[in-house]
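Have a look at the structure below before the remarks.
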Amino acid sequence: MEGNLVDTTEVAAHVNDANYFHLPHFLGGHIELPNIHICGDCYLQISKFMVIELAAALILIALFVPLAHKIKSGKPARGRFWNLLEVFLLYLRDSVIYPSIGEKNAKPYVPFLWTLFFFILLCNLGGMLPWCGSPTGSLAVTAILAGITYCVVIGGGMVKQGAFKYWAHQVPKMDLPGPLSIFLKPMIFAIEVIGNLIKHLVLAIRLLANMFAGHVVLAVFLAFISGTAGVLWLWPFVTVGSLGMSLALSCLELFVAFLQAYIFTFLAALFIGMAQHQH
Amino acid sequence: MRNTLRLTASLRKRLTVAAFSLAALLSGTAALMAEEEAEGGGLNPLMSWRTDLALWTLVVFLLLLAVLWKFAFGPIAKALDAREQAVLDKINGAERANADAKELLSQYQQKLADSEQEVSRIIADGKAQAESIGAGIVASARAAAEEEHQKALKEIAAASDNAQAELAAKSAELATSLAGKILKARINPEDHAGLIQNALNEFSKD
């Protein structure tokens with residue numbers, strides 16, 4: 001009996017991407033997402049996370065384009081909601097981006113880092129909505145975001161220092177005797193370049209692990225309810241306990257959603273800042 | 001005693017629930033891990049790579065970045081910078097205006113002090129002038145009075161001299177006429193005395 005307590009496929013369905021939305025009956029029940037034919041044998045299977053990402057992007061456009069219109073004339077934004085959005089933007093710019101990159105160099109990166117933060121935040125928060133999920137709980141998403149950040153970091157460094165100088169500066173200046181330098185410098189170069197890549201890979205894994213683990217734990221706690229449904233005397237206690245824990249963990253997840261978006265943006269800003277100057 | 005028993009019973013119940021919950025959690029996790037191993041990473045996020053999702057994310061993110069950069073975050077960043085610059089300019093302007101106002105105030109205070117000094121100087125000058133004019137008037141009045149006095153004295157002296165001259169002339173004339181009369185009449189001592197008496201009477205009558 002205990003072996004069937006938690007249905008793994010059920011838990012996996014809650015945290016993994018899927019080609020369908022599983023809604024309650026009154027909302028349409030099971031909705032299969034389309035497999036779009038692009039050309040020849042090429043098909044694009046729309047997934048749940050793709051829809052959530054698109055929704056996140058559209059929400060961001062719907063939020064920030066009107067804000068831009070409101071403050072374009074130089075007047076401050078009116079209304080609590082718009083001011084809240086502005087507080088987010090100003091906090092990120094003044095307390096995260098400028099200190100990490102330096103105000104002078106940071107200006108071209110501000111829109112990118114703002115976009116990164118809010119896109120990750122909304123993807124994280126998708127997991128807090130019923131029947132949705134966190135696209136950031138998928139390696140494909142976090143790896144691409146980290147990859148884009150890596151390109152921005154390297155591109156920014158090359159634009160600032162010059163393409164050759166940027167790569168040359170990967171090896172710190174050392175007074176090495178000739179033969180040793182021929183042997184050591186390529187090794188140091190390789191270590192630095194691989195180290196930089198690993199830093200960005202860790203960026204992807206950190207976000208992925210945080211979002212995935214949080215939702216797995218939530219799903220496991222909720223799965224206990226269905227797992228003990230057959231045992232009448234145990235079920236009520238487990239249900240109450242599971243719901244309580246789920247509630248507490250959901251609050252934690254809400255915090256983690258913001259925290260991880262902040263950490264990703266903060267580290268991206270730090271990496272960009274580091275690439276602006278030679279070692 | 002009964003209370004203690006009840007407490008113990010409730011505690012035992014709670015402990016039983018806690019133990020069962022813990023057992024359920026542990027066995028659930030164990031079952032989960034066992035099934036995961038059997039499925040070959042169904043719950044391992046590192047094993048569930050989706051290239052289509054990755055490409056989709058790339059496209060969506062880059063499009064979002066482009067749209068937001070052009071229509072939202074670009075203008076917002078510019079607007080925030082412009083607003084900050086405007087606020088800084090206003091603060092600088094206000095500081096400048098404040099400094100100007102202070103300078104103007106000190107200038108006015110200086111002018112006020114100067115004009116107060118000027119006024120008191122004018123008043124003092126006026127007083128001094130008035131005093132000197134008054135003294136002049138008094139002096140000239142005194143001089144005029146003295147002149148009048150001297151003139152009066154001179155006139156009196158002249159009048160007195162005239163009177164005396166006239167008296168002398170009259171006396172001489174009278175004496176002459178008296179002498180004539182005396183000479184005309186022979187006179188005895190009594191007449192002589194009577195003549196003198198007449199003359200004296202006439203003299204006193206004149």
Side-chain angles (χ1 to χ4, degrees), chain A residues 2-6 8-9 11-12 15-17 44-45 47 49-50 53-54 57 60-61 63-65 67-69 71-76 86 89-90 93 107 110-112 114-115 119 135 137-141 143-145 147-148 205 208-209 212 216 220 223-224 227-228 234 237-238 241, chain B residues 13-14 16-18 20-21 23-36 38-39 41-87:
Chain A
E2 285 188 341
N4 297 326
L5 192 59
V6 173
T8 328
T9 44
V11 171
V15 290
N16 281 336
D17 198 5
L44 175 66
Q45 171 62 56
S47 74
F49 285 177
M50 291 181 188
E53 279 181 7
L54 196 62
L60 287 181
I61 290 170
L63 287 181
F64 287 105
V65 173
L67 179 67
H69 275 285
I71 66 170
K72 204 157 55 178
S73 62
K75 285 179 187 162
E86 214 186 283
L89 294 175
L90 282 175
R93 194 193 65 173
K107 298 235 181 229
V110 171
F112 166 69
W114 276 344
T115 311
F119 185 69
S138 168
L139 182 63
V141 176
I144 284 295
L145 292 175
I148 293 170
I205 303 289
L208 167 73
F212 189 83
V216 167
V220 166
F224 284 152
T228 55
L234 185 60
F237 301 110
V238 172
Chain B
K13 206 194 266 174
R14 273 190 214 170
T16 317
V17 171
F20 268 109
S21 304
L25 181 67
L26 287 175
S27 58
T29 315
L32 208 66
M33 287 169 78
E35 284 190 31
E36 189 183 318
E39 279 180 18
L43 265 178
N44 183 350
L46 296 176
M47 301 299 287
S48 54
W49 173 267
R50 280 189 71 146
T51 309
D52 54 352
L53 180 62
L55 287 174
W56 177 273
T57 306
L58 183 67
V59 171
V60 167
F61 184 82
L62 290 182
L63 279 179
L64 175 70
L65 181 62
V67 170
L68 286 184
W69 199 311
K70 176 93 177 93
F71 298 108
F73 289 152
I76 286 173
K78 268 188 200 154
L80 289 178
D81 284 348
R83 192 199 297 168
E84 270 157 31
Q85 195 54 49
V87 169

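All chains are named by letter (A, B, ...) in the order of the sequence lines, taking the proteins before the strands, and each is independently numbered beginning at 1. Reckoned from all heavy atoms, side chains included, excluding hydrogens, waters and symmetry mates.
When all heavy atoms of A:A68 and B:P75 are compared, the closest pair comes out as CB-CB, 4.2 Å. A:F112 approaches B:L65 most closely through the heavy-atom pair CA-CD1, 3.6 Å. Across A:P111 and B:F73, no two heavy atoms sit closer than the pair O-CD1, 3.6 Å.
Of the two parts of A:I61, the backbone and the side chain both hold a non-hydrogen atom closer than 4.5 Å to a non-hydrogen atom of chain B. Contact of A:K107 with chain B is made through the side chain alone, with heavy-atom distances under 4.5 Å. A:E86 touches chain B through its side chain: at least one heavy atom from C-beta onward sits under 4.5 Å away, while N, CA, C and O do not. Residue contact with chain B, scored on non-hydrogen atoms closer than 4.5 Å, involves the backbone and the side chain of A:A57 alike. Of the two parts of A:I205, only the side chain, counted from C-beta on, holds a non-hydrogen atom closer than 4.5 Å to a non-hydrogen atom of chain B. Using a 4.5 Å cut-off between heavy atoms, A:L44 touches chain B through its side chain atoms alone. Using a 4.5 Å cut-off between heavy atoms, B:A82 does not touch chain A at all. Proximity to chain B (any heavy atom under 4.5 Å) is shown, for A:P76, by both the backbone and the side chain. For chain A, no part of B:Q85 is nearby; none of its heavy atoms comes within less than 4.5 Å. Heavy atoms of A:I148 lying under 4.5 Å from chain B belong exclusively to its side chain. Both the backbone and the side chain of B:L53 have a heavy atom closer than 4.5 Å to some heavy atom of chain A. With a 4.5 Å cut-off on non-hydrogen atoms, B:W56 touches chain A through its backbone and its side chain both. The parts of A:V65 that come within reach of chain B are both its backbone and its side chain, each placing non-hydrogen atoms under 4.5 angstrom from that chain.
When side chains are defined from C-beta on, B:F61 counts as touching A:T115, because their heavy atoms get closer than 4.5 Å. Side-chain contact between B:L68 and A:W114 is absent, with no heavy atoms from C-beta onward closer than 4.5 Å. Side-chain contact check for B:V59 versus A:M50: every heavy-atom pair is 4.5 Å or farther apart.
Annotation: the span from B:F71 atom CZ to A:L67 atom CG amounts to 15.5 Å, rounded to 0.5 Å. Rounded to the nearest 0.5 angstrom, B:L58 CG and A:L145 CG are separated by 9.5 Å. From B:L64, atom CG reaches atom CZ of A:F64 across 10.0 Å, with rounding to the nearest 0.5 Å.
Chain B forms more heavy-atom pairs under 4.5 Å with one residue of A:Q45, A:H69, A:K72, A:R93 than with any other, namely A:R93. For the set B:V60, B:T51, B:L63, the entry with the most heavy-atom pairs within less than 4.5 Å of chain A is B:V60.
Under the side chain to side chain contact (heavy atoms under 4.5 Å, CB included) rule, B:R50 has a single partner from A:V141, A:D17, A:L139, which is A:D17.
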